[in-house]
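Residues: numbered from 1 along the sequence shown.
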Amino acid sequence: MSNLKSDFLRILSERGFINDCTDKEGLDEKAATGTIAAYIGFDCTAPSLHVGSLLPIMMLRWLQKSGHKPIVLMGGGTTRVGDPSGKDESRQLLSDEQIAANMAGIKRVFSSYLTFGDGPSDAIMVNNADWLDGLKYIEFLRDYGRHFSVNRMLSFESVEQRLKRQQHLSFLEFNYMILQAYDFLELSRRHDCVLQMGGSDQWGNIVSGVELGRRIDDAHLFGLTSPLLTTASGAKMGKTAGGAVWLNEEKLPAYDFWQYWRNTHDADVGRFLRLFTELPMDEIARLEALEGQELNEAKKILANEVTAMCRGRAAAEAAAATAQKTFEQGQLGEGLPTVEIAANTIREDGLGIVDALVAAGLCASKGEARRLIRGGGARLDDEKIADENMRLQEDLFTAGPVKLSAGKKRHVRLILKD
C-alpha cells in the first residue's frame with residue numbers, strides 16, 4: 001500500500017511489520033491527522049522477555065518516533081489465566097509472588113526503547129490487574145460475556161488447533177480472549193487507546209476487543225498484527241540450542257546476545273536489519289546486497305545496532321571487541337562468558353570434560369556433551385577434544401583461564417576459583 005498518509009503505517013509497512021489490519025485506511029487517516037494511543041500486552045510468564053518480543057517492542061518504538069503514544073500493558077491479571085494462543089498445552093500457573101517478580105524483571109527493558117512520561121507521546125505502563133482483580137464474575141458475564149459467541153471462539157485458530165490435536169484446553173484458558181478484549185475496552189475508556197497490536201496469533205483476541213468496544217461503547221477501535229517471526233531455517237525466533245535469547249543482562253551476557261545476532265543466517269540479514277534496527281532503508285538495501293565474506297560485515301553491523309539499543313552502545317562495542325579477539329586474533333577475549341570452577345572440586349580427581357561442558361552451559365545434558373565430543377565439535381583452548389573421559393586437572397589453569405568451546409561460535413572462559 002504505497003499511498004499511506006501516516007508516517008507510522010508507512011514505516012511499519014516498508015519495514016515488514018504488518019501482517020493484517022482491521023481497517024488500514026481508517027487507521028491511516030486517524031494516525032495522519034492526530035496523535036493516537038496504541039498498546040501491546042506482555043504477560044509476566046518469565047523474569048525477562050526474549051528476542052521474540054523485540055518485534056512488538058520495536059512496533060511501539062516506531063509508534064512513538066512517529067509522534068504517537070505507546071501503552072505497555074503488563075499482564076498482572078491475565079498471566080494468572082494463561083494465553084492459549086500459539087501453545088500446544090496449558091501454561092504452568094504461577095503464584096502472585098512469581099508474577100510480581102517476573103513483572104519487575106520485564107519492566108526494565110522498556111526504558112531502553114521508549115521514553116516514559118506525562119507528555120502527549122510519552123509512553124505509559126499499566127497493569128491489567130488494576131481492573132481485572134476487582135471484577136465481579138456474575139456481573140462481568142452478564143455485561144460482557146453475552147457479546148461473545150462460543151461458536152465463533154471455537155473457530156479461532158488458537159482454539160481450533162488445540163481441539164484438532166485433541167490437546168487439553170481448560171475453561172480457564174478459554175476465558176482469556178474475553179479478558180484480553182475487556183483490556184482493550186478499559187484502555188479505550190481510561191487512556192483513549194484506539195489501537196491494539198500483536199503477533200498474528202493474536203488476531204482472534206484483537207478482533208474480539210475491537211468488536212467489544214463497538215458493541216459496548218460504540219467506539220471505533222483498530223487492530224494490527226505483525227507476521228509470526230521465524231528464522232530462515234524455520235526455527236522460532238528467540239530459541240537456540242543453548243536456550244532462550246533473553247533481553248535482560250542478568251539472564252544473558254551482552255556478548256552472548258551480540259553473538260546471537262552475529263550468527264544470523266545469510267537469508268535473514270536484510271529482514272532483521274529492517275525489523276530490529278533503525279538504519280535507513282537505503283543503507284539496509286546496500287548491506288543485504290553484500291555477498292560472501294562481505295556479508296559478515298553486515299551481520300556485525302546488525303549485532304552492533306541491536307545490542308546497542310538493548311544493552312547500550314558500550315556493551316555492543318565491548319562484545320564486538322571480544323569477538324574480534326576470539327575469532328580473528330585467536331586470543332581469549334575477556335568479554336566471553338565466564339564460568340568459575342572451585343579449585344577444591346578438581347584438586348583430587350579433576351573435573352570430567354563432559355561435566356565441564358554441561359556446567360559451562362555449552363551442552364544441556366551429559367548425553368549432548370558426549371555427542372558433541374564424538375562429533376569433533378568440542379575444543380579446549382582451540383584443540384579438539386578426542387577423549388570423552390578426559391578430566392581437567394588443576395595444573396591446566398596455571399597460566400590463567402582456559403577456553404572451552406562447542407563448535408566454532410560458542411565459547412566460555414573457565415576460571416579456577418580458590
If you apply the rule side chain to side chain donor-acceptor pair (under 3.5 Å), what do you find for Ser200 with Asn19, and how did you get there?
CA-CA 7 Å; Ser200 60; Asn19 184 71; 4.6 Å; no

From CD (Gln64) to CZ (Arg61), nearest 0.5 Å:
8.0 Å

Regarding Asp43 and Tyr176, is there a side-chain donor-to-acceptor distance under 3.5 Å anywhere?
yes

Roughly how far, to the nearest 0.5 Å, is the OG1 atom of Thr79 from the CG atom of Asp96?
10.5 Å

Salt bridge flag under 4.0 Å for residues Glu288 and Arg271
no

Salt-bridged, Arg313 to Glu305, with N to O below 4.0 Å?
yes

Please confirm whether the ring centroid of Tyr39 lies under 6.0 Å from the ring centroid of Phe184.
yes

Could you check whether the rings of Phe272 and Phe276 sit parallel, tilted or perpendicular, using 30° and 60° as the cut-offs?
perpendicular

Glu250 atom CD, over 12 foreign heavy atoms within 6.0 Å:
yes

Should the pair Arg286-Glu283 be classified as a salt bridge under the 4.0 Å nitrogen-to-oxygen rule?
yes

Rounded at 0.5 Å granularity, tell me how far CE in Met197 sits from CZ in Phe17.
9.5 Å

May I have the step-by-step check of salt bridge (Lys or Arg N to Asp or Glu O under 4.0 Å) for Asp192 and Lys69, ending in yes or no?
CA-CA 10 Å; Asp192 197 25; Lys69 188 177 190 68; over 6 Å; no

Would you call Glu14 and Arg10 a salt bridge, taking side-chain N to carboxylate O under 4.0 Å as the test?
yes

Looking at every heavy atom in both Gly67 and Ser121, which two are closest together, and how far apart are they?
O-CB, 3.7 Å

Using a cut-off of 6.0 Å, state whether more than 12 heavy atoms not belonging to Lys30 lie near its atom NZ.
no

Between Asp355 and Lys366, is there a side-chain N and carboxylate O pair less than 4.0 Å apart?
yes

Are any of the side-chain nitrogens in Arg214 or Glu211 under 4.0 Å away from the carboxylate oxygens of its partner?
no

For the pair Asp7 and Lys65, evaluate side-chain contact (heavy atoms from CB on, under 4.5 Å) and give the outcome as yes or no after the intermediate values.
CA-CA 9 Å; Asp7 288 342; Lys65 289 176 74 72; over 6 Å; no

Please verify the inter-ring angle class for Trp258 with Tyr255; under 30° counts as parallel, over 60° as perpendicular, anything in between as tilted.
parallel

